[in-house]
2 protein chains.
Amino acid sequence: MDSIVEKQRKKNENYLKLQQTLLVKSILDESCILNQSLSLIANKWTLLILMALMQGTKRNSELLRQINGISPKMLTQTLKSLITYGMVTRKVFPEVPPRVEYALTEFGISTADPLMALLNWSVSWEEQVTKLYKETFL
Amino acid sequence: MDSIVEKQRKKNENYLKLQQTLLVKSILDESCILNQSLSLIANKWTLLILMALMQGTKRNSELLRQINGISPKMLTQTLKSLITYGMVTRKVFPEVPPRVEYALTEFGISTADPLMALLNWSVSWEEQVTKLYKETFL
DNA sequence: CGGTATCCTAGGCGATACTG
DNA sequence: CAGTATCGCCTAGGATACCG
């Protein structure tokens, strides 16, 4: 575990790095690289599917059961886009009844990095975030 | 700079950490903490405003000029939500003509952590991300 | 200068029903 | 089991015009 001082140092480091990056890359544009990547993963179910598949290969029905509230349509739809993104692979077994397995590609697995950072941030500001979410969206 | 081997180790670490977290926290829900925090920052202009303010205190007109494509309405609207989120402060100077300055709070600055992680990921998969973004949204 | 108010549209998302 | 097809809502976001 990092000490508090260490965490503070890291925080300022990232703050300064972002400032520098701003000067180098033109990212104050609606199609900046940050918005581009966000638009790929910031959908209602994308995260949840990625997270579920981090546990390993899963079938359609497993995902349907484990992801709370998702409909078959949205599951298929989101999986489709994840496949075209190259984040998920789809493997069909020619059996009766049919069996289809979904798994993460290397690209899909790589999303664990930003997601972990977001999770760490979310947890360290959890009270604030949850309060705001409730007030704003519920 | 980390070596390639070191980067690979870190990647697997995050992958495994996420797996473990899944077991502990119930995050396969549409109001999981990850989706909650994403819903706060994953809007079209939120990121850009946060990034712009990482450079320091700014006036309304400065933001309007620096953020490519944003309309006055969306700037005000997004700033408002950022203020209720406690990420941005608004300071009015009683002058003529009026002057208003926006700055990041500690909470706002803290978003540099997940944003930096997302930026690192975006850059290391830039070719892929940009290609997908173009195909999907343009 | 720094906002509001009003109207409008595209598309994300849901519900329901049907197929191989 | 693992999908498609259809319809329809709702709201984020844009255009435009008007205050203090």
Side-chain angles (χ1 to χ4, degrees), chain A residues 29-32 35 38-49 52-53 57-85 88-103 132-133 135-138, chain B residues 29-32 35 38-49 52-53 57-85 88-103 132-133 135-138:
Chain A
D29 186 282
E30 63 180 295
S31 61
C32 75
N35 264 345
L38 259 192
S39 65
L40 295 183
I41 60 170
N43 308 298
K44 183 162 185 182
W45 302 110
T46 303
L47 273 187
L48 299 180
I49 293 179
L53 290 179
T57 299
K58 292 242 166 82
R59 302 181 58 174
N60 189 307
S61 49
E62 290 181 276
L63 291 170
L64 213 48
R65 238 179 298 116
Q66 291 184 11
I67 301 176
N68 213 318
I70 196 169
S71 71
K73 177 197 157 186
M74 287 315 295
L75 178 58
T76 306
Q77 186 173 307
T78 312
L79 279 171
K80 253 188 187 170
S81 61
L82 285 174
I83 290 165
T84 67
Y85 292 171
V88 169
T89 57
R90 179 177 187 270
K91 191 172 179 188
V92 185
F93 295 83
E95 307 171 358
V96 179
R99 184 159 60 103
V100 180
E101 285 186 352
Y102 295 95
L132 289 172
Y133 179 79
E135 289 173 1
T136 316
F137 303 100
L138 301 184
Chain B
D29 186 282
E30 62 182 295
S31 62
C32 74
N35 263 348
L38 258 193
S39 65
L40 294 183
I41 59 170
N43 309 298
K44 183 162 184 181
W45 302 109
T46 303
L47 273 186
L48 299 179
I49 293 179
L53 290 179
T57 300
K58 292 242 166 85
R59 301 181 59 173
N60 189 307
S61 47
E62 290 180 276
L63 291 171
L64 213 48
R65 239 178 299 114
Q66 292 183 11
I67 301 176
N68 213 318
I70 196 169
S71 70
K73 177 199 159 186
M74 288 313 296
L75 177 58
T76 307
Q77 186 173 309
T78 311
L79 279 171
K80 253 189 186 169
S81 61
L82 285 175
I83 290 166
T84 67
Y85 293 169
V88 168
T89 57
R90 180 177 186 270
K91 192 172 180 187
V92 185
F93 296 84
E95 307 172 357
V96 179
R99 184 158 59 103
V100 181
E101 285 185 353
Y102 296 96
L132 289 171
Y133 179 79
E135 289 173 1
T136 315
F137 302 101
L138 301 184

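Side-chain atoms are counted along with the backbone in the values below, which use heavy atoms only and exclude waters and symmetry mates. In the text below, chain A, chain B and the rest are named by the order of the sequence lines, each starting its count at 1.
As judged by a 4.0 angstrom heavy-atom cut-off over every strand, A:Pro98 is placed among the base-contacting residues.
When all heavy atoms of B:Asn35 and B:Asp29 are compared, the pair lying nearest together is ND2-O, 4.2 Å.
Not a single donor-acceptor pair under 3.5 Å links the side chain of A:Gln66 to the backbone N or O of A:Leu63. Side chain of A:Lys58 to main chain of A:Ala52: a donor-acceptor pair is present (N/O by atom type, distance under 3.5 Å, no hydrogens or angles).
Partners of B:Leu64 by side chain to side chain contact (heavy atoms under 4.5 Å, CB included), not counting sequence neighbours, listed by chain and number: B:Asn60, B:Ile70, B:Pro72, B:Leu75. B:Tyr133 meets the ring-ring contact (aromatic ring centres under 6.0 Å, His included) test with B:Phe137; sequence neighbours excluded. In this structure, the side chain to side chain contact (heavy atoms under 4.5 Å, CB included) partners of B:Lys44, at least two apart in sequence or on a different chain, are A:Glu30.
Remark: B:Arg90 is in phosphate contact with C:dG3, judged by side-chain N or O atoms under 4.0 Å from OP1 or OP2. For A:Lys44 and C:dG14, the shortest distance from a side-chain N or O to OP1 or OP2 is below 4.0 Å.
Between C:dG3, C:dG14, C:dA5, one nucleotide has an atom nearer to the side chain of B:Tyr102 than all others, and that is C:dG3.
Listed in residue order, the members of residues 58-65 of chain B having a heavy atom less than 4.0 Å from DNA chain C are B:Arg59, B:Asn60, B:Ser61.
Contact check for B:Leu82 versus B:Thr46: side-chain heavy atoms found under the 4.5 Å cut-off. Side-chain contact check for B:Trp45 versus B:Asn43: every heavy-atom pair is 4.5 Å or farther apart.
Put simply, chain A comes within 4.0 Å of DNA chain D, heavy atom to any atom, from D:dC1 to D:dT6, going 5' to 3'.
In the helix from C:dC1-D:dG20 to C:dG20-D:dC1, the end axes, each obtained as the rotation axis mapping the C1' atoms of four pairs onto the next four within a five-pair block, lie 40° apart to the nearest 10 degrees.
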